[in-house]
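FYI, side chains are in, hydrogens and waters are out, and symmetry mates aren't considered; it's all heavy atoms of this structure. The sequence lines fix the lettering, A, B, ..., with proteins before strands; numbering per chain opens at 1.
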2 protein chains.
Amino acid sequence: MSNPTDRPARRIALLKALAHPSRLAIADALQSGERSVCDLTALVGADISTVSKHLRLMRAAGLLTAEKRGLKVFYRLKCPCLLSFFECVDGLVPDSPAKPDADARRPGFPR
Amino acid sequence: MSNPTDRPARRIALLKALAHPSRLAIADALQSGERSVCDLTALVGADISTVSKHLRLMRAAGLLTAEKRGLKVFYRLKCPCLLSFFECVDGLVPDSPAKPDADARRPGFPR
DNA sequence: AATCTATTTGGCCAAATAGCCAAGTAAAGG
DNA sequence: CCTTTACTTGGCTATTTGGCCAAATAGATT
């Protein structure tokens with residue numbers, strides 16, 4: 001999985017890169033412009049090393065770029081279209097948000 | 001995380017539901033219509049119980065619905081728009097697919 | 001009712017992921 | 001050159017996820 005050269009693997013890497021609360025929050029924050037690692041650390045409230053690793057993963061997935069200026073490293077979204085992507089995600093499931101197919105975990109479910 | 005009632009949690013559940021090779025393949029297959037669990041088991045080549053659990057997860061995320069007819073349970077995509085969603089995912093990162101930000105794992109990377 | 005097929009569930013183990021801490025690197029400033 | 005600030009990396013545990021097997025459930029068939 002290290003080098004996602006085929007399409008499914010790249011899709012999976014991208015989806016995984018956003019499928020975590022801290023990473024989603026990071027991506028969301030970066031929509032309004034670049035942020036340094038410690039900005040983002042303050043945002044998500046985890047250890048800076050943890051955040052750094054999240055950023056590395058997102059970068060490897062192709063979501064982010066990094067630029068070092070002085071002591072700080074600024075991360076930036078590579079794509080301009082995250083907002084519409086989120087709308088696309090939200091639009092995936094049109095109807096009831098809170099109880100998605102509520103009986104999905106009842107034993108002996110379908111009837 | 002069990003009942004994703006807030007927006008980020010629902011987004012994450014949806015993204016996770018697709019961020020796995022078997023589940024992505026299942027979603028892809030269901031684009032051409034409903035399939036039974038053993039159809040899908042043949043498709044992904046894992047134990048049927050494993051596939052059943054993948055399906056449960058995807059269903060809990062709100063991606064799928066299930067309908068039992070006779071002995072079989074048929075799963076179907078809840079949304080009609082998966083294809084355009086995949087295009088949306090692919091479009092997230094416009095440029096070079098094979099080596100996304102190649103120096104992302106070099107030590108002391110930015111310079 | 002006994003059996004067969006299709007599926008779900010529970011239990012358990014292995015692998016992947018996420019977290020923290022400590023140590024290392026890099027640029028800036030004294 | 002020593003220190004400080006900002007990050008990254010390595011190492012270690014803890015949690016989560018994925019997978020298989022065996023057992024349970026459900027409807028169809030005999």
Exercise for review: Please tell me which of the listed nucleotides, D/dC20, D/dT8, C/dT7, lies nearest to the side chain of B/Thr50?
Suggested key: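 When the side chain of B/Thr50 is considered, D/dC20 is the closest of D/dC20, D/dT8, C/dT7.
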Point to revise | Axis deviation across the helix from C/dA1-D/dT30 to C/dG30-D/dC1, five-pair ends, to the nearest 10° | key: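 Comparing the axis at each end, I get an angle of 10°.
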So, using side-chain contact (heavy atoms from CB on, under 4.5 Å) as the criterion, who are the partners of [X] when residues are at least two apart?
| X | result |
| --- | --- |
| A/Leu71 | none |
| A/Leu77 | A/Leu30, A/Gln31, A/Leu64, A/Leu82 |
| B/Ser49 | B/Asp47 |
| B/Lys53 | none |

Practice item. Please identify each residue that fulfils side-chain hydrogen bond (donor to acceptor under 3.5 Å, both in side chains) with B/Ser52, with sequence neighbours left out. Key: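 B/Ser52 satisfies side-chain hydrogen bond (donor to acceptor under 3.5 Å, both in side chains) with no residue once adjacent residues are dropped.
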Exercise for review: Report the residues that fulfil ring pair (Phe, Tyr, Trp, His ring centres under 6.0 Å) with A/Phe85, sequence neighbours left out, ordered by chain and then residue number.
Suggested key: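 Scan of A/Phe85 (ring pair (Phe, Tyr, Trp, His ring centres under 6.0 Å), adjacent residues dropped) gives B/Phe85.
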Review point. Among all residues two or more places apart in sequence or in another chain, which pass the salt bridge (charged side-chain N to carboxylate O under 4.0 Å, His left out) test with B/Arg11?
Key: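 Result, salt bridge (charged side-chain N to carboxylate O under 4.0 Å, His left out) vs B/Arg11: A/Asp90.
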Practice item. Give every residue pair that meets the ring pair (Phe, Tyr, Trp, His ring centres under 6.0 Å) criterion with at least one member in residues 21-46 of chain B, sequence neighbours excluded. Key: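 For residues 21-46 of chain B: none.
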Review point. Does any pair with a residue in residues 46-70 of chain A pass ring pair (Phe, Tyr, Trp, His ring centres under 6.0 Å), and if so which ones, sequence neighbours excluded?
Key: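 Sorted pair list: A/His20-A/His54.
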Could you list all N or O pairs between the protein and nucleotides 10-14 of chain D that sit under 3.5 Å apart?
from: D/dG10; atom 1: O6; to: A/Lys53; atom 2: NZ; distance (Å): 3.0
from: D/dG11; atom 1: O6; to: A/Lys53; atom 2: NZ; distance (Å): 2.7

Exercise for review: Indicate yes or no: does A/Lys72 engage A/Glu34 in a salt bridge with an N to O separation below 4.0 Å.
Suggested key: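 Looking at A/Glu34 together with A/Lys72, the answer is no, because their closest N to O distance does not fall below 4.0 Å.
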Practice item. Using heavy atoms and a sub-4.0 Å distance, could you list which residues of residues 27-36 of chain A are near DNA chain D? By number, please. Key: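 DNA chain D contact set from residues 27-36 of chain A: A/Ser36.
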Review point. Just to confirm, is there a sub-4.0 Å distance from OP1 or OP2 of C/dA6 to any side-chain nitrogen or oxygen of B/Tyr75?
Key: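 For C/dA6, neither OP1 nor OP2 has a side-chain N or O of B/Tyr75 closer than 4.0 Å.
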